[in-house]
Amino acid sequence: MAVETIAVDLVETCSTSALRFHDIVSGCDITATTPDADPELWDRYLHGALDVYRHFRVQSALEYDVVADGRSTSLFFAATDRTGAVVAGVRAQGPYLRIEEVGSLAPWSGRPGERELRAMVARRIPRGIVESRGAWVARDVPNRRELGAAISRCIAHTPRILGVRYGFATVASFTTSRHRGSGGVAADLIPAVPYPDDRYQTVPIWWDSRMYRMFADRLQYLLMCDELRDMGVADGALERVRRGTGRRSEGRFGYGR
């Protein structure tokens with residue numbers, strides 16, 4: 001599915017160019033939209049991301065020059081504080097149609113786990129994969145930990161909003177417990193790789209929109225349910241998540257494999 005089609009679907013399905021919810025824990029308002037629908041918010045999201053990535057000297061991972069025009073981004077989330085400042089965000093690419101589109105597999109090229117990770121992606125593509133990238137939280141924002149958890153929930157919301165089965169991301173290993181809170185499961189058979197440099201160990205992580213309630217923390221799951229409802233995401237889809245696994249769902253122990 002082309003990015004342009006996804007953007008149209010977001011507008012037509014939700015009768016608006018943006019979805020919104022209030023994170024009662026961090027106190028921030030979070031907007032989900034597209035670069036075309038809100039270019040000013042997109043620009044603020046990007047500049048905030050660049051500031052944070054530069055601070056940690058990992059700006060190469062942001063690929064700013066490649067993504068700045070917004071064409072590769074099918075959806076992004078931006079969190080604003082009480083003053084209206086953008087203080088966190090994340091963007092999504094996909095749904096992917098071919099494994100060659102998944103550029104974040106490159107760090108595993110020629111390394112242990114490459115074949116297994118490519119096979120994992122190939123198995124899931126027919127049911128739909130969207131990838132989250134460019135996640136950040138401002139360094140000096142109050143309730144930074146809570147806002148980080150909200151951004152992780154946004155990653156979990158992304159496949160639901162874009163109508164696919166799987167969410168995917170490659171993340172620093174020290175963040176996996178936070179992502180597990182929103183139902184993300186690290187691919188435990190894939191060795192971590194030093195990316196974007198040797199200070200970080202990066203691992204692949206999955207969100208299965210039919211199964212994440214089995215892994216999410218109870219509080220995070222309840223927040224996710226309320227947020228999906230506030231955004232007006234299809235009630236039928238949410239009810240399937242509440243019921244848990246279905247006939248086509250992967251087994252519990254195959255989720256991250």
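Hydrophobic clustering, with ILVMFWY side chains joined whenever heavy atoms are under 4.5 angstrom apart, groups Val130 together with Ile151. Val233 and Leu223 are not part of a single hydrophobic cluster, where members link through side-chain heavy atoms under 4.5 Å apart. When the side chains of ILVMFWY residues are joined at heavy-atom separations under 4.5 Å, either directly or via intervening members, Ile190 and Ile99 end up in a single hydrophobic cluster. Ile161 and Leu41 fall into different hydrophobic clusters, where Ile, Leu, Val, Met, Phe, Trp and Tyr residues are linked whenever their side-chain heavy atoms come under 4.5 Å apart, directly or through other members. No chain of hydrophobic side-chain contacts below 4.5 Å, direct or via other Ile, Leu, Val, Met, Phe, Trp or Tyr residues, connects Val66 to Leu105.
Residues forming a side-chain hydrogen bond (donor to acceptor under 3.5 Å, both in side chains) with Ser109 (at least two apart in sequence, or on another chain): none. Legend: residues meeting salt bridge (Lys or Arg N to Asp or Glu O under 4.0 Å) with Asp43, ordered by chain and number and at least two apart, are absent. Under the salt bridge (Lys or Arg N to Asp or Glu O under 4.0 Å) criterion, Glu40 pairs with Arg44, sequence neighbours left out. Applying the salt bridge (Lys or Arg N to Asp or Glu O under 4.0 Å) test to Arg153 and every residue at least two apart in sequence or in another chain returns Asp23, Glu227. With sequence neighbours excluded, the residues that form a side-chain hydrogen bond (donor to acceptor under 3.5 Å, both in side chains) with Arg199 are Asp197. Checked against salt bridge (Lys or Arg N to Asp or Glu O under 4.0 Å), Glu63 has the following partners two or more places apart in sequence or in another chain: Arg133. Residues forming a ring pair (Phe, Tyr, Trp, His ring centres under 6.0 Å) with Phe77 (at least two apart in sequence, or on another chain): none.
Counting heavy atoms from C-beta outward, Phe76 and Thr33 have side chains that approach closer than 4.5 Å. Counting heavy atoms from C-beta on, the side chains of Leu46 and Val67 come closer than 4.5 Å.
Sorted by first then second residue, the ring-ring contact (aromatic ring centres under 6.0 Å, His included) pairs that include residues 54-73, not counting sequence neighbours, number zero. Applying the ring-ring contact (aromatic ring centres under 6.0 Å, His included) definition to pairs two or more places apart or across chains, those involving residues 17-41 are Phe21-His157. Under the salt bridge (Lys or Arg N to Asp or Glu O under 4.0 Å) criterion, no residue pair touches residues 89-109, with sequence neighbours excluded.
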key: Candidate pair Asp230 and Arg20, rule side-chain contact (heavy atoms from CB on, under 4.5 Å), full reasoning   = CA-CA 7 Å; Asp230 289 347; Arg20 296 181 177 87; over 6 Å; no
request  = Check step by step if side-chain contact (heavy atoms from CB on, under 4.5 Å) holds for Val87 and Thr80.
outcome  = CA-CA 6 Å; Val87 292; Thr80 52; over 6 Å; no
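Minimum heavy-atom separation, Met231 to Leu19: O-CD2, 3.4 Å. Across Val90 and Ala135, no two heavy atoms sit closer than the pair CG2-CB, 3.7 Å. Nearest heavy-atom pair across Val164 and Pro95 is CG1-CG, 3.5 Å. The shortest heavy-atom contact between Ala169 and Ser132 is CB-O, 3.7 Å. For Ser74 against Gly94, the heavy-atom pair with the smallest separation is OG-O, 2.9 Å. Contact record, Val58 with Tyr200: CG1-CE1, 3.6 Å, taken as the closest heavy-atom pair.
Under a 3.5 Å cut-off, the side chain of Asp217 and the backbone N or O of Leu219 do not form any donor-acceptor pair. Counting only distance, with no hydrogens or angles, the side chain of Thr202 and the backbone of Tyr195 share a donor-acceptor pair below 3.5 Å. For Arg160 (side chain) and Ser209 (main-chain N/O), a donor-acceptor pair under 3.5 Å exists by modelled atom type. In terms of modelled atom types and a separation under 3.5 Å, the side chain of Trp42 and the main chain of Asp69 share no donor-acceptor contact.
No hydrogens or angles considered: nothing links the side chains of Asp36 and Thr34 as a donor-acceptor pair under 3.5 Å.
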Donor-acceptor contacts, no H, no angles, side chain residues 111-122, under 3.5 Å, sequence neighbours left out:
from, atom 1, to, atom 2, distance (Å)
Arg111, NE, Pro107, O, 3.2
Glu114, OE1, Gly110, N, 2.9

N/O donor-acceptor pairs under 3.5 Å from side chains in residues 136-149, not counting sequence neighbours:
from, atom 1, to, atom 2, distance (Å)
Trp136, NE1, Tyr45, O, 3.4
Arg144, NE, Ala138, O, 2.9
Arg144, NH2, Val137, O, 3.1

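Atom CG in Leu62 sits 9.5 Å away from atom CZ in Arg54 (nearest 0.5 Å). Here Trp108 contributes atom CH2 and Thr170 contributes atom OG1; the two are 5.5 Å apart, rounded to the nearest 0.5 Å. Here Glu131 contributes atom CD and Ser72 contributes atom OG; the two are 10.0 Å apart, rounded to the nearest 0.5 Å. Note: Leu75 CG to Gln93 CD = 12.0 Å, rounded to the nearest 0.5 Å. The structure places CD of Gln220 at 7.0 Å from OG of Ser182, a figure rounded to the nearest 0.5 Å. Annotation: the span from Ile205 atom CD1 to Ile155 atom CD1 amounts to 8.0 Å, rounded to 0.5 Å.
Taking the six-membered ring for Trp and thresholds of 30 and 60 degrees, His179 and Trp207 have ring planes more than 60 degrees apart, a perpendicular arrangement.
The environment of Leu222 atom CG is dense: over 12 non-hydrogen atoms of other residues, nucleotides or ligands sit within 6.0 angstrom.
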